[in-house]
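Just below is one structure, and these are the notes that go with it.
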Amino acid sequence: MHVAHLSLADFRSYARAEVPLDPGVTAFVGPNGQGKTNLVEAIGYLAALASHRVASDAPLVRVGADRAVVRAQVVQGDRQQLVELEINPGRANRARINRSSQVRPRDVLGIVRSVLFAPEDLALVKGDPGERRRFLDELITARTPRLAGVRSDYERVLKQRNTLLKTAAMARRHGGKGADLSTLDVWDQHLARVGAELLAQRLDLVAALQPLTDKAYEQLAPGGGPVGLEYRGSIGDERGERDGFPAGGTVGGPGGTAGTAGATAREDLFGRLMQALADSRRQEIERGVTLVGPHRDDLVLKLGPMPAKGYASHGESWSYALALRLASYELLRADGGEPVLVLDDVFAELDERRRVRLAELVAPGEQVLVTAAVDDDVPGVLVGTRFSVENGTVERL
Ligand SMILES: Nc1ncnc2c1ncn2[C@@H]1O[C@H](COP(=O)(O)OP(=O)(O)OP(=O)(O)O)[C@@H](O)[C@H]1O
Ligand SMILES: [Mg+2]
């Protein structure tokens with residue numbers, strides 16, 4: 001697929017922008033702070049309903065305005081769709097498809113598909129487990145939009161369970177006769193049920209990503225690997241140790257079609273989560289927070305025998321992050337429908353060899369959007385349309 005036209009209203013620094021786009025490579029070039037990333041961030045937002053730069057929506061709305069609108073004309077084969085998102089910080093966002101009446105924002109997932117490479121990706125390797133969980137969960141939703149519901153269900157159940165635990169913890173501290181914990185059993189069931197589903201999806205994804213990430217790393221940095229992805233769950237085994245799940249311990253088909261094997265694996269994960277919740281209940285009531293479940297897990301990224309975090313060099317970490325994105329691209333592509341590739345400021349960070357390799361790998365993409373501060377940062381193989389971005393104007397060169 002590709003985006004044929006992007007319109008922005010009060011998004012970031014743009015009061016208005018109308019940008020006609022072609023398939024193939026397009027480079028946005030201009031000095032720092034002129035709005036290049038803002039443009040591609042808008043496309044990323046349509047694809048993930050989240051920005052790669054900020055966790056909340058408020059910074060996405062132009063200062064002084066109260067909402068932003070991002071609209072894209074999307075071409076998939078001979079089909080055209082117009083998707084529109086209105087971003088309302090602090091209130092529900094609104095969405096429309098083909099100018100018809102409103103749909104849930106979640107319903108636009110899957111229309112714009114994109115893989116975004118950005119300097120922020122370094123946090124995938126060097127940052128907290130939350131960065132890696134988000135990476136997995138966003139990719140799950142990008143591949144199978146209906147699973148956005150699993151993630152939001154889990155967050156809702158977790159929040160409610162935490163509220164209950166917090167109340168119990170407060171009651172205990174104040175010497176009360178203890179909160180009513182009978183409802184906690186019900187919430188344990190909910191948490192373990194949705195948690196097992198989320199966990200199963202993540203394990204499947206990790207198994208699918210493993211060989212692709214290894215291959216991509218080898219292409220970017222020959223001889224530098226191998227890389228290994230290890231999902232580290234918070235479910236303890238019978239000895240109470242933290243458990244690593246074997247990569248390839250697949251629990252369902254791609255996108256999580258719960259086949260018989262998948263269902264058995266989910267039952268197993270459900271049982272283990274229930275057990276872990278029972279084991280930690282005392283501690284949870286003391287601390288007033290849920291201590292086990294997919295929200296506590298991590299994806300350990302290994303380079304050779306060592307974890308990349310804490311051991312890998314800057315260049316290695318950066319190549320690792322790029323390899324994860326390239327692997328995501330391969331997966332989305334294999335699912336059907338080429339995603340838009342966005343490379344925000346990535347070439348400046350790479351040495352000449354890696355720059356050329358990355359450029360060669362992405363160049364055949366149906367649509368590749370590149371941002372760079374200077375023309376020289378865009379590798380020669382990425383010839384295509386150029387736009388200058390300066391002072392809030394986006395002009396085709
Ligand atoms: N909500 C907002 N309202 C108004 N201006 C904003 C908003 N958010 C960001 N900006 C402005 O947008 C500019 C940053 O744009 P952007 O990140 O796209 O720059 P860039 O061209 O990618 O620069 P660089 O080359 O440094 O990456 C900044 O000047 C910033 O002040
Ligand atoms: Mg930028």
Side-chain angles (χ1 to χ4, degrees), residues 49-50 54-58 88-93 104-106 123 127-138 140-141 147-203 231-245 251 265-300:
L49 300 181
V54 285
S56 78
D57 283 347
N88 298 307
R91 284 169 296 138
N93 289 349
R104 291 175 307 175
R106 196 199 279 177
D128 294 336
E131 302 279 351
R132 289 174 289 279
R133 289 194 297 266
R134 187 159 63 94
F135 165 73
L136 293 176
D137 292 346
E138 283 187 0
I140 288 169
T141 332
L147 294 175
V150 176
R151 194 176 165 199
S152 58
D153 284 353
Y154 186 77
E155 275 158 20
R156 185 175 46 79
V157 171
L158 179 65
K159 211 169 145 190
Q160 278 165 327
R161 191 172 182 277
N162 279 342
T163 305
L164 191 65
L165 285 170
K166 204 174 284 167
T167 316
M170 293 267 277
R172 255 177 80 104
R173 250 172 253 145
H174 292 100
K177 54 180 165 42
D180 171 22
L181 290 176
S182 56
T183 42
L184 197 54
D185 289 337
V186 180
W187 286 108
D188 283 7
Q189 293 265 348
H190 287 323
L191 192 86
R193 186 60 66 200
V194 194
E197 180 60 36
L198 184 58
L199 207 45
Q201 296 299 340
R202 286 191 190 164
L203 291 172
Y231 191 84
R232 200 62 60 85
S234 61
I235 311 175
D237 65 13
E238 54 281 3
R239 292 187 309 277
E241 284 171 3
R242 290 194 141 215
D243 215 5
F245 293 96
V251 278
R266 277 169 180 73
E267 268 323 299
D268 177 50
L269 291 172
F270 172 76
R272 289 168 69 186
L273 273 168
M274 284 300 285
Q275 186 58 51
L277 286 168
D279 292 345
S280 58
R281 179 173 275 204
R282 227 188 129 108
Q283 219 190 340
E284 288 192 328
I285 292 171
E286 263 162 36
R287 307 230 336 234
V289 65
T290 301
L291 296 171
V292 290
H295 65 292
R296 307 276 291 194
D297 295 353
D298 196 2
L299 175 68
V300 179

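This is a predicted model, so every value here is computed, not measured.
Contact between Glu197 and Leu147 at its shortest, heavy atoms only, is OE2-CD2, 4.5 Å. Shown here for Trp187 and Val157, the closest heavy-atom pair between the two residues is CE3-CG1, 3.7 Å. The two residues Glu138 and Ala50 make their nearest non-hydrogen contact at OE2-CB, 3.8 Å. Of all the heavy atoms in Leu291 and Arg296, the pair that sits closest is O-NE, 3.3 Å. When all heavy atoms of Ala196 and Leu273 are compared, the pair lying nearest together is N-CD1, 3.5 Å. Of all heavy-atom pairs spanning Thr141 and Ala148, the tightest one is CG2-CB, 3.3 Å.
A heavy-atom distance below 4.5 Å is not found between the side chains of Val150 and Gln201. In this structure, Leu184 and Leu164 have side chains that are in contact, with non-hydrogen atoms separated by less than 4.5 Å. Side-chain contact between Leu198 and His295 is absent, with no heavy-atom pair separated by less than 4.5 Å. Taking 4.5 Å as the limit, every side-chain heavy atom of Arg232 sits out of range of all side-chain heavy atoms of Pro129. Inter-residue side-chain proximity for Thr290 and Glu284 is flagged as met; some heavy-atom pair is nearer than 4.5 Å.
Salt-bridge check for Asp298 with Arg132: passed, with a basic side-chain N closer than 4.0 Å to an acidic carboxylate O. A salt bridge links Arg193 with Glu267: the closest approach of a Lys/Arg side-chain nitrogen to an acidic carboxylate oxygen falls below 4.0 angstrom. A salt bridge does not link Arg134 with Asp137: every distance from a Lys NZ or Arg NE/NH1/NH2 to an Asp or Glu carboxylate oxygen is 4.0 Å or more.
At distances below 3.5 Å, not a single donor-acceptor pair connects side-chain atoms of Arg287 with backbone N or O atoms of Ala169. Of the possible polar contacts, none joining the Arg202 side chain to the Tyr231 backbone as a donor-acceptor pair under 3.5 Å is found. A distance-only check finds a donor-acceptor pair linking the side chain of Asn93 to the backbone of Asn88 [under 3.5 Å].
For the side-chain contact (heavy atoms from CB on, under 4.5 Å) test with Ile235, the passing option among Leu277, Asp297, Leu199 is Leu199; the others fail.
Atom-to-atom distance recorded for Arg272:CZ and Gln275:CD is 11.0 Å, nearest 0.5 angstrom. Expressed to the nearest 0.5 Å, how far CG of Leu136 lies from CZ of Arg133 amounts to 10.0 Å. The NE2 atom of His190 sits 8.0 Å away from atom CZ of Arg156, with the distance rounded to the nearest 0.5 Å.
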Decide yes or no on side-chain contact (heavy atoms from CB on, under 4.5 Å) for Leu165 and Val289, but give the supporting numbers first.
-> CA-CA 6 Å; Leu165 285 170; Val289 65; 5.6 Å; no
Would Asp188 and Arg161 count as a salt bridge (charged side-chain N to carboxylate O under 4.0 Å, His left out) if you check the C-alpha gap in whole Å, the side-chain angles of each, and the deciding distance to 0.1 Å?
-> CA-CA 8 Å; Asp188 283 7; Arg161 191 172 182 277; 2.8 Å; yes
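Between the side chains of Gln189 and Asp185, no donor-acceptor pair is found at a separation under 3.5 Å.
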